[in-house]
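Before any comments, here is the structure.
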Amino acid sequence: MPPEKRRGSPRAGLALAVEFLTVVPVGPRHVRVQEAASSEGTPDMARALPWFPLVGALLGLALIGLDWVLSFVFPPGIRAVALLAFDALVTGMLHLDGFADCCDALLGTQTVERRLEILRDSRVGAYGVFGGALLLIARFAALTALFGSPRVLALLIAPVLGRWGMVYAVTRYPYARAAGAGTPFRSRGIARLTLAGVAMLVLVVASAVAVGSRGLGIGPTCALAALLLVAALVVLLGWLAWASRRLGGGLTGDTYGAACVLVELAVLVLAPPLTMVALRLAGG
């Protein structure tokens with residue numbers, strides 16, 4: 001098969017999504033994302049977008065498996081630290097770094113030009129350090145407060161919703177500059193957003209049914225998944241609207257990563273209180 005055909009296959013899109021969102025190499029001839037960002041193969045990067053929710057689901061399953069194994073030995077606090085470390089290492093801290101950069105750029109400066117300049121800078125300032133630390137503390141507190149079926153559901157769908165949030169940001173907002181880490185994925189294609197949205201909904205519903213059949217019940221668990229989906233959308237839309245205004249109407253790769261971690265945090269933090277709401281709505 002010609003190289004151009006192979007690069008455009010769905011399998012190649014999935015492999016590229018895995019390589020971009022994690023540190024896991026896919027196959028002996030896996031694609032180097034940083035090289036593709038400056039090559040003629042940028043359309044291949046856009047083909048990876050519909051696969052983002054599936055990569056999130058795989059990460060969620062890995063987190064659930066690790067949490068289950070550790071539950072035989074360690075208390076919730078130690079498990080929470082292990083999950084945070086695992087998530088950071090597997091993703092190469094890509095999204096956490098983006099969030100820290102956004103804290104520096106969007107909170108501490110007054111002009112769009114200066115904000116974009118700071119987003120290019122690899123160094124982390126005071127706002128970034130404080131924001132990153134606060135984010136990790138909040139995730140740790142959320143993980144120690146989650147138990148049972150809500151914990152399993154939140155661990156599974158938080159990465160799914162977070163990666164779908166990145167797809168939405170890429171497809172619905174213009175890129176804030178001509179070049180950067182996010183340009184290989186720049187796409188206005190509604191088809192990719194639709195495919196990713198369908199994948200996200202299927203994964204969320206399937207996970208709710210699977211988890212609910214062994215825990216809260218299918219009805220309350222599906223209600224909880226729906227409430228978490230709405231909450232995640234509110235956080236996502238609020239963040240993207242604010243960040244785009246701060247950057248003159250566009251977004252950058254760092255804001256995509258920040259969107260992912262903020263959506264994940266919203267799911268983890270809101271899962272316990274929304275569980276009570278879901279039980280009432282479902283009559284449980």
Side-chain angles (χ1 to χ4, degrees), residues 13 16-17 20-21 33 36-38 42-56 91 94-121 127-128 131 135 158-201 229-267:
L16 192 54
F20 182 78
L21 295 173
V33 173
S38 58
T42 52
D44 295 335
M45 305 293 284
R47 290 190 182 97
L49 285 173
W51 297 99
F52 275 28
L54 178 58
V55 176
T91 61
L94 176 68
H95 313 312
L96 180 60
D97 178 69
F99 176 78
D101 288 341
C102 285
C103 290
D104 281 330
L106 304 185
L107 296 178
T109 57
Q110 299 298 320
T111 66
V112 172
E113 293 74 17
R114 179 57 180 156
R115 290 167 194 152
L116 291 172
E117 182 182 344
I118 292 175
L119 286 173
R120 282 188 179 277
D121 195 338
Y127 282 106
L135 176 74
V160 174
L161 296 179
R163 273 80 191 161
W164 180 83
M166 297 176 70
V167 179
Y168 182 87
V170 170
T171 56
R172 303 304 294 167
Y173 283 83
Y175 201 68
R177 52 181 173 237
T183 50
F185 289 95
R186 184 168 50 188
S187 170
R188 304 293 287 174
I190 192 65
R192 295 187 181 96
L193 177 58
T194 301
L195 287 172
V198 170
M200 180 263 298
L201 289 174
L229 175 58
V230 172
L233 287 174
V234 171
V235 170
L236 174 67
L237 295 177
W239 163 252
L240 295 179
W242 181 78
S244 64
R245 283 199 301 270
R246 300 287 285 177
L247 294 175
L251 297 174
T252 68
D254 286 322
T255 59
Y256 304 156
C260 178
V261 297
L262 287 172
V263 168
E264 287 182 317
L265 180 63
V267 171

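Of all the heavy atoms in G249 and Y173, the pair that sits closest is O-CD2, 4.3 Å. Of all heavy-atom pairs spanning L240 and A169, the tightest one is CD2-CB, 3.7 Å. Scanning both residues, C103 and G131, for their nearest heavy atoms gives SG-CA, 3.9 Å. When all heavy atoms of V160 and G56 are compared, the closest pair comes out as CG2-C, 4.0 Å. Shortest non-hydrogen contact noted between A243 and T255 is CB-CG2, 4.3 Å. Of all heavy-atom pairs between D121 and D101, the closest is O-OD1, 4.1 Å.
By the side-chain contact (heavy atoms from CB on, under 4.5 Å) test, V263 pairs with L161, A232, L236, sequence neighbours left out. Applying the ring pair (Phe, Tyr, Trp, His ring centres under 6.0 Å) rule to Y168 yields the partners W164; only residues at least two apart in sequence or on another chain are considered. With sequence neighbours left out, the side-chain contact (heavy atoms from CB on, under 4.5 Å) criterion links A105 to R115, I118, L119. Every side-chain contact (heavy atoms from CB on, under 4.5 Å) that L54 has, sequence neighbours left out, goes to L14, W51. Legend: residues meeting salt bridge (charged side-chain N to carboxylate O under 4.0 Å, His left out) with R245, ordered by chain and number and at least two apart, are absent. Evaluation of the side-chain contact (heavy atoms from CB on, under 4.5 Å) rule for V235 yields L262, A266 as partners, not counting sequence neighbours.
Sorted by first and then second residue, the salt bridge (charged side-chain N to carboxylate O under 4.0 Å, His left out) pairs with a member in residues 159-171 read R163-E264; sequence neighbours excluded.
In this structure, NE2 on H95 lies 4.5 Å from SG on C260, to the nearest 0.5 angstrom. Between the OH atom in Y256 and the CG atom in L251 there is a gap of 6.0 Å [rounded to 0.5 Å]. Rounding to the nearest 0.5 Å places OH of Y127 at 6.5 Å from CG of L107.
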Problem set entry | Check against side chain to side chain contact (heavy atoms under 4.5 Å, CB included), L201 and L229 | CA-CA 9 Å; L201 289 174; L229 175 58; 3.9 Å; yes
For this session: Assess whether side chain to side chain contact (heavy atoms under 4.5 Å, CB included) is satisfied between C102 and W239, documenting all intermediate values.
Result: CA-CA 11 Å; C102 285; W239 163 252; 4.0 Å; yes
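Side-chain contact between L135 and F99: present, with at least one pair of heavy atoms (C-beta onward) separated by less than 4.5 Å. Taking 4.5 Å as the limit, some side-chain heavy atom of T252 sits within range of a side-chain heavy atom of L247.
Classification of E117 and R114 as a salt-bridged pair holds, one side-chain N sitting under 4.0 Å from a carboxylate O.
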